[in-house]
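As structure tokens, the structure follows; a few thoughts come after it.
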Amino acid sequence: MCLNYSRRARTAGARPWTSRVRKGGEPLGWNPTPGNPSLLKELNQFLILDALRRYGSLSRSDLARITGLTPPTVGVIVKGLLEEGYLVEQASLPASGVGRRPVPLALNPRAGVAVGVNVSTTKVLILAVNLLGQVQARRSFPIPPGAAAEAVLEQVTGNILEMLAELRPRRVFGVGVGLHGPVDHQRGLLRFAPHLGWRNVPVADLLGAALPGPVVVDNGVRCMAQGELWFGAARGVENLVCVAVGTGIGSAIVLDGRLYRGAEGVAGEIGHVTVDVEGPRCDCGNYGCLETLASGPAIARQAARRLKQGVPSLLADWGLDPDRLTAADVARAALAGDELSRQVFAEAGMYLGIAIANLAKTLNPSRILIGGGVAQAGDLLLEPLRRTLAQRTEGLLPGEVPVEPIQLGGDAGAIGAATLVLERFFRGDTVPQILDFIER
Ligand SMILES: [Zn+2]
């Protein structure tokens, strides 16, 4: 079934758009056909754009040195990129000697946007993100319990069209979508989202029918890792493990600067790694999975169990019902000095430390990032995690692996989804679309 999103979005009040081929010259983006005379020039354009993404601000001579291109080639390409609005010139630097003062160049914050969508278990966040990772516009809406995937994606389409019509960006690089559960990144297919009950949803096809640019779909933790890699706590890191601790637990693995997805695209399912062979039964059918001992629901369950055993706690003093506790309640009590709650977080952190130590010994990452709702508990969770990781890797790894919270906070998943699209553009795989917003 193919839904006509654009017609529905129009009736919902969005301004319609049409895409057109950019006037004058070929669109930036290339297909490596043999004998294509512009191929080398296109490749060199992306070398320059990517150098500016990495370094922020560079003069033409810096660009020549970093990319290995000749100064005249850099001059010609920069001129074209300035005319196209991809770059801006900044105030010139003081001259180091005789001759012209070098003019720093940077990516243009107004060159265009990528749209990033994060579909969590309870809400959708949509961001328009520029080439510098800065948020230009945002939308969000709740997902009602039991909502069908098609209805939610239709609402996503309507919101994106409205947002773009208001923002009127110079160009759109595409749409990235992050979802929980296993995702077939190649086919743009959500295999299974356990907390939403969605199965085999062709997300890229459903959204791509009405939205500009390519639609890139991936697991939400991988999106988070890509966003942190380019715009957050892992800039410049080549080997990274990013773990999201929330309702479930997932991880993303970055090897040699690129996301590692595995043969079937399900690499990083750390939530179902066994950390206690005699532990509780997991929804997946195994026993003692990390998710049964360190996720948000597991933390609430552990606190409830002790309360019911009569262990004194602020949680009881506050009159909270043990069967309705959340990890946030337990974190609040722990921060207020409650011993029971601190103990529960110490155990969850220890189990995370065991699982992450196994990953660290297998993959030898240079950094570990922790995100997700439960990670907002900060050192309550991170200190026991770091302690366990250090104990279990001592003598086996050359040094301690730094464990840090993510930097992009609640926007990390959506910024990261947009970053997946930008990553394709900087690689030269994507032709950005210029939109004509037609007033009716
Ligand atoms: Zn499991």
Side-chain angles (χ1 to χ4, degrees), residues 119-122 145 149 178-185 189-201 218-225 241-253 259-306 323 325-328 330 344-363 365 368-375 377 381 384-385 388-389 392 403 413:
V119 182
S120 77
T121 52
T122 54
L179 298 133
H180 73 270
V183 170
D184 185 333
H185 170 72
L189 177 82
L190 170 68
R191 290 183 196 275
F192 179 43
H195 301 289
L196 291 168
W198 298 353
R199 279 182 191 277
N200 296 320
V201 183
D218 213 332
N219 172 273
V221 190
R222 285 198 202 121
C223 294
M224 179 187 280
V241 170
C242 181
V243 181
V245 189
T247 312
I249 301 178
S251 78
I253 298 162
L259 281 169
Y260 175 74
R261 295 186 170 89
E264 306 294 333
V266 294
E269 280 289 351
I270 194 180
H272 299 283
V273 163
T274 305
V275 287
D276 178 359
V277 286
E278 292 174 356
R281 188 179 160 87
C282 179
D283 289 342
C284 75
N286 292 310
Y287 289 85
C289 291
L290 179 62
E291 210 162 281
T292 66
L293 293 159
S295 64
I299 286 168
R301 216 165 35 236
Q302 288 297 331
R305 189 175 59 81
R306 288 169 205 215
D323 292 324
L325 278 182
T326 64
V330 186
V344 168
F345 266 97
E347 279 178 20
M350 177 196 71
Y351 284 119
L352 277 166
I354 292 172
I356 289 172
N358 291 342
L359 263 186
K361 283 179 276 192
T362 311
L363 299 171
I368 287 156
L369 293 184
I370 309 289
V374 177
L381 191 73
L385 192 169
T388 308
L389 177 64
R392 287 176 176 256
V403 179

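Indexing begins at 1, ligand by ligand and atom by atom, following the structure's order. One is the number of the first residue; the rest follow in order along the sequence. What you see is a predicted model, and the numbers here were worked out from it, not measured in a lab.
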- Report the residues that fulfil salt bridge (Lys or Arg N to Asp or Glu O under 4.0 Å) with Arg392, sequence neighbours left out, ordered by chain and then residue number. none

- Note on the structure: Residues passing the salt bridge (Lys or Arg N to Asp or Glu O under 4.0 Å) test with Arg301, sequence neighbours excluded, are none

- Query: OG1 of Thr274 to CD1 of Ile354: how many Å apart, nearest 0.5 Å?
  - Reply: 11.5 Å

- Task: Could you tell me the separation between the CG atom of Leu190 and the CG atom of Asn219, rounded to the nearest 0.5 Å?
- Result: 9.5 Å

- Task: Using side-chain hydrogen bond (donor to acceptor under 3.5 Å, both in side chains) as the criterion, list what pairs up with Asn200, not counting sequence neighbours.
- Result: none

- Note on the structure: Excluding water, the protein N, O or S atoms sitting under 2.8 Å from the Zn ion (ligand 1) are His272 ND1, Cys282 SG, Cys284 SG, Cys289 SG

- Message: Contact between Thr122 and Thr247 at the side-chain level, heavy atoms closer than 4.5 Å - yes or no?
- Response: no

